[in-house]
Amino acid sequence: MKEITITTQFNVFDSVEDLPNDIINLMEQAIAVRKKAYAPYSKFRVGTAILLDNGKIVLGSNQENAAYPSGLCAERVAIFQAGAIYPDAKILKMAITAASDTNKTSVPIPPCGSCRQSIAEYEINQDTPIEIYFMGEIGAIYKSASLKNLLPFMFDKKFL
């Protein structure tokens, strides 16, 4: 048997105000769209803002459905919309924020597994890392320099 060690590294910002200016704007847009999420069942709202290399910002919020799993997470709403509207643009940065209608989310909430896999597809296809900033409703923000940092053993087309 052989053991391997995998390490990941994040930058931690204490609050939105501590972020770089361009990310403050991106996170503020994610917060605004989070408030428009359609989450009548989970009462858990997520907003995502994506910055593309053409300067455009694409937004997404989670959209639930009584017929689970017909809904879609905010990250995938935004990333699929970016791919549909700007198919040749690269995704540079993502800002993600999550909040519960029933309690304060004060720890950073990362993308779920399905969203990580979807983000991985775009990061691999564009062959450049996507910076991911994520937070709860309040508190610290984590920055991951790449999706590979969140999903070190990515499944991609080279396995097919």
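Values reported hereafter were calculated over all heavy atoms of this structure, with side chains retained and with hydrogens, waters and symmetry mates removed.
Panel note: side chain Glu137, backbone Lys104; no donor-acceptor pair is recorded below 3.5 Å. Ser70 places no side-chain N or O within 3.5 Å of a backbone atom of Ala66 that could act as its donor or acceptor partner. With Glu131 contributing its side chain and Ser144 its backbone, the two residues share no donor-acceptor pair below 3.5 Å. Although no hydrogens or angles enter the test, the distance criterion places no donor-acceptor pair under 3.5 Å between the side chain of Glu75 and the main chain of Ile96. In this structure, Arg45 contributes its side chain and Ala99 its backbone to no donor-acceptor pair below 3.5 Å. Using a distance-only test at 3.5 Å, with no hydrogens or angles considered, a donor-acceptor pair links the side chain of Asn62 to the main chain of Phe44.
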Decide side-chain contact (heavy atoms from CB on, under 4.5 Å) for Asn25 and Ile57; before the verdict, give the C-alpha distance in whole Å, the side-chain angles of both, and the deciding distance to 0.1 Å. CA-CA 10 Å; Asn25 176 52; Ile57 294 176; 3.7 Å; yes

Evaluate the side-chain contact (heavy atoms from CB on, under 4.5 Å) criterion for residues Ile141 and Val16: first the C-alpha distance (whole Å), next the side-chain angles of each, then the deciding distance (0.1 Å), finally the verdict. CA-CA 7 Å; Ile141 299 100; Val16 172; 4.1 Å; yes

Working for side-chain contact (heavy atoms from CB on, under 4.5 Å), residues Val33 and Gln29: CA-CA 6 Å; Val33 76; Gln29 290 194 50; over 6 Å; no

I'd like to know whether Cys112 forms a side-chain contact (heavy atoms from CB on, under 4.5 Å) with Cys73, so could you lay out the CA-CA distance, the side-chain angles of the two residues, the decisive distance to 0.1 Å, and finally the verdict. CA-CA 9 Å; Cys112 73; Cys73 299; 3.9 Å; yes

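In this structure, Tyr122 and Phe80 have tilted ring planes: the angle between them lies in the 30° to 60° band.
Both Ile109 and Leu150 are members of a single hydrophobic cluster when ILVMFWY side chains are connected at heavy-atom separations under 4.5 Å. A single hydrophobic cluster is not seen to contain both Val77 and Leu26; linkage of ILVMFWY side chains at heavy-atom distances under 4.5 Å, directly or through other members, places them apart. No chain of hydrophobic side-chain contacts below 4.5 Å, direct or via other Ile, Leu, Val, Met, Phe, Trp or Tyr residues, connects Val46 to Tyr133. When hydrophobic clusters are built by joining Ile, Leu, Val, Met, Phe, Trp and Tyr residues whose side-chain heavy atoms come closer than 4.5 Å, directly or via intermediates, Ile119 is grouped together with Leu72. Clustering ILVMFWY residues whenever any of their side-chain heavy atoms sit less than 4.5 angstrom apart, transitively, puts Ile85 in the very cluster that holds Val58.
The line from CD of Glu121 to CD1 of Ile124 is 6.5 Å long, rounded to the nearest 0.5 Å. To the nearest 0.5 Å, atom NZ of residue Lys93 and atom CD1 of residue Ile50 are 13.5 Å apart. Note that CZ of Phe10 and CD1 of Ile132 are 9.0 Å apart. Values are rounded to the nearest 0.5 Å. We find the CZ-CG distance between Arg34 and Leu59 to be 13.5 Å, quoted to the nearest 0.5 Å. Taking NZ of Lys148 as the start and CZ of Phe153 as the end, the distance is 13.0 Å to the nearest 0.5 Å. We find the CD1-CD1 distance between Ile130 and Ile91 to be 4.5 Å, quoted to the nearest 0.5 Å.
Nearest heavy-atom pair across Glu64 and Tyr41 is OE1-N, 2.9 Å. In terms of heavy-atom proximity, Ala140 sits nearest to Val12 at CB-CG1, 4.0 Å. Scanning all heavy atoms of the two residues, the minimum distance from Leu52 to Tyr86 falls at CD1-CD1, 3.4 Å. Closest non-hydrogen pair, Ala30 versus Ala95, comes out as CB-O, 3.6 Å. Here the shortest heavy-atom pairing between Gly60 and Ala74 reads O-CB, 3.6 Å. Here the shortest heavy-atom pairing between Ser118 and Arg76 reads OG-CD, 3.3 Å.
Contact check for Met135 versus Thr105: no side-chain heavy atoms found under the 4.5 Å cut-off.
Taking a cutoff of 4.0 Å between a charged side-chain nitrogen and a carboxylate oxygen, Lys90 and Asp127 do not qualify as a salt bridge.
Atom OH of Tyr142 has 12 or fewer heavy atoms from other residues, nucleotides or ligands within 6.0 Å.
Side-chain atoms of Glu123 and Ser146 form a donor-acceptor pair, as typed in the model, at a separation below 3.5 Å. Counted by atom type alone, Ser61 and Gln63 present one or more donor-acceptor pairs between their side chains at under 3.5 Å.
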